[in-house]
Protein chains: 2
Amino acid sequence: MKRIITISREFGSGGRELGRRLSELLQVAYYDKEIVTEIARRTSLSEEYVHQIIEQRPLMSFPISIGRSFYPMPDPLMEQNQAIYREQHQLIRELADKSDCVIVGRCGDYILRDLNPFRIFVYADMDAKIARCRERGKEDPPLTDKELKQQIKKMDKGRAKYYEFYTGQKWGDRLNYDICINTSSRSIKELASVLVRLIDGSPD
Amino acid sequence: MKRIITISREFGSGGRELGRRLSELLQVAYYDKEIVTEIARRTSLSEEYVHQIIEQRPLMSFPISIGRSFYPMPDPLMEQNQAIYREQHQLIRELADKSDCVIVGRCGDYILRDLNPFRIFVYADMDAKIARCRERGKEDPPLTDKELKQQIKKMDKGRAKYYEFYTGQKWGDRLNYDICINTSSRSIKELASVLVRLIDGSPD
C-alpha cells in the first residue's frame, strides 16, 4: 500500500521538523520547499514570489514575472495565483505517483485525497510556538513577544485562507485529518517515532 | 510522575473502548460509569437521573429526588444540576489523587488540569460513528440512518453544552487537548497500543 503522509501545521508548531523526521524514519521522500523551487522553475516565476503566493501573502510590488509576460489575462495577478495553484496541484500529484512521500503544507491532504493519505495536523499553544520560533533564531531584527505573536497569527491566517480558498474546507478542522497533535511540551523526535507506528500499523 | 489520562469523545467514536484498552495496557484504574454510580450514591439521586444531567439532557418529568427532598432552593432543578457537578468535581479529584487512572468524559481534562493529564479527544466521520453505533446493536426499536445521525448529533450537542457551561472552554477545540484522533478507519486496539507509547514516552 502506498504511504503518503501529508502534514498541515500551524506556524512555529514544529510541523516541518516532524515531516522531515517521519520521512527519515519511513525512508520516503520529503517535499517541502522543493515544491516551491520546482513550481518556480515551471512557471518562470521567482521562488520568493511563488512562496509568497502559496502563503497567501501576495506582494503587490514584487515583480510578477521574470523574463517574460505570463498569462496575459484581464486580472493577471489572480490568474497567476491560479496558475501557481494548478502547477502545484499537478506537481504534488506527480510526486505522489512517483513514490511514497511526506508532503508538508500546500493543500497536499486535499490534492491527494483519493490516495487516502495519512493526514496530520500539527499545532501548539502560542507560548510554545513563540519559543520554537525564537529557537530557530532567524528574526532580524529581533521581535518582541507581541510582534512575534502577531506574525504567527498572520502566517496562520494566510495559510487558512489559502487552504480554504482552494479546497473549500476549513483549515484545522479535525474532520479533515487523521490525527491532530499538540507539540507544546513534546519532543518532535519522540512524536515522530510514535507516529511512525500509527502510520505503519502496529501489531494487535 | 502521575499518569492521568482524560478522554473526551464524540458519541459513537469509540472513545470508551479506547479508554478501557488504555487502562488495561497501562494497568491503571478506569472510571466511566462508576462515576455516575458513586455520585448517585452520594447525592441520593438515581443513577439514571445523574446520567441524564451529566449528558445535559435533564428529564423534567423524572423524579428529581429519591427518598428525601434535596437542596430546597428557589430553582431546585438548576441547583441540583450544580450539586451534581460539584460532587462530580470532588469525586474526580479524589479518584485522581488516589491513583493513576483513565477518566472518560465528565470534564475530567478541565477538572484535573493542574495535574497535567494527557488529554485525548476522540472523533470520527459520521458514517463511521453510525456504523459503530450499529455494531453496538443496542437500538430498540431499530433506527434509520437519519434517526441515528440525529441522535448522535443531539448527544454531542449535549456534551458540548455541558462541557462549555462548566469549563468555559469549547468542547473539541484542539487547543484543549494533547491529541485529537480520528478513529474512522482504525482499530481501537491498535490505536491504544500506539497511544500508550506516546503517554509513556518512547526512547529517542
Side-chain angles (χ1 to χ4, degrees), chain A residues 1 6 8-10 12-13 15 17-18 21 24-25 109 113 115-129 152-153 156 160 169-204, chain B residues 1 6 8-10 12-13 15 17-18 21-22 24-25 109 113 116-129 152-153 156 160 169-204:
Chain A
M1 202 187 76
T6 64
S8 308
R9 74 294 183 217
E10 289 182 352
S13 66
E17 184 189 340
L18 181 64
R21 287 191 181 274
E24 285 165 9
L25 290 170
D109 56 311
R113 62 194 180 283
L115 295 179
N116 198 24
F118 188 83
R119 303 157 301 167
I120 305 174
F121 188 89
V122 186
Y123 65 101
D125 305 337
M126 183 54 83
D127 286 351
K129 291 192 285 189
I152 290 169
K153 281 188 174 178
D156 283 347
Q169 296 184 163
K170 195 167 178 298
W171 186 74
D173 180 342
R174 60 176 179 263
L175 277 173
N176 299 329
Y177 310 98
D178 294 291
I179 196 167
C180 307
I181 187 101
N182 188 338
T183 58
S184 295
S185 51
R186 306 216 152 249
S187 134
I188 301 285
K189 192 174 173 185
E190 182 190 308
L191 270 183
S193 71
V194 175
L195 286 179
V196 157
R197 294 173 196 269
L198 206 57
I199 294 162
D200 273 346
S202 57
D204 273 355
Chain B
M1 201 188 78
T6 63
S8 307
R9 75 291 183 220
E10 290 182 350
S13 67
E17 183 189 341
L18 181 65
R21 288 192 181 274
L22 283 176
E24 285 166 9
L25 290 169
D109 56 311
R113 62 195 181 283
N116 198 21
F118 188 82
R119 303 157 303 167
I120 305 174
F121 187 89
V122 186
Y123 65 101
D125 304 338
M126 183 53 82
D127 287 350
K129 291 192 285 190
I152 290 169
K153 281 188 173 178
D156 283 348
Q169 294 185 162
K170 196 168 177 298
W171 186 74
D173 180 342
R174 62 177 179 263
L175 277 172
N176 299 330
Y177 310 98
D178 294 290
I179 196 167
C180 307
I181 187 100
N182 188 337
T183 58
S184 296
S185 50
R186 304 216 153 249
S187 133
I188 301 286
K189 191 175 173 185
E190 182 191 309
L191 271 184
S193 72
V194 175
L195 285 179
V196 158
R197 294 173 196 271
L198 206 56
I199 293 162
D200 272 346
S202 58
D204 274 358

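What you are looking at is a predicted structure, and each value in this text was computed from that prediction instead of being measured. Here is the naming used below: chain letters follow the sequence lines, and residue numbers restart at 1 for every chain.
- Between atom OG1 of residue T183(A) and atom CD1 of residue I179(B) there is a gap of 11.5 Å, rounded to the nearest 0.5 Å.
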Between Y177(B) and N182(A), does the side-chain contact (heavy atoms from CB on, under 4.5 Å) criterion hold? Intermediate values first, please.
CA-CA 7 Å; Y177(B) 310 98; N182(A) 188 338; over 6 Å; no

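- Interatomic distance, L198(A) CG to L198(B) CG, rounded to the nearest 0.5 Å: 9.5 Å.
- At a 4.5 Å heavy-atom cutoff, A192(A) makes no contact with chain B through either its backbone or its side chain.
- The closest donor-acceptor contact from the side chain of R174(A) to the backbone of G172(B) lies under 3.5 Å.
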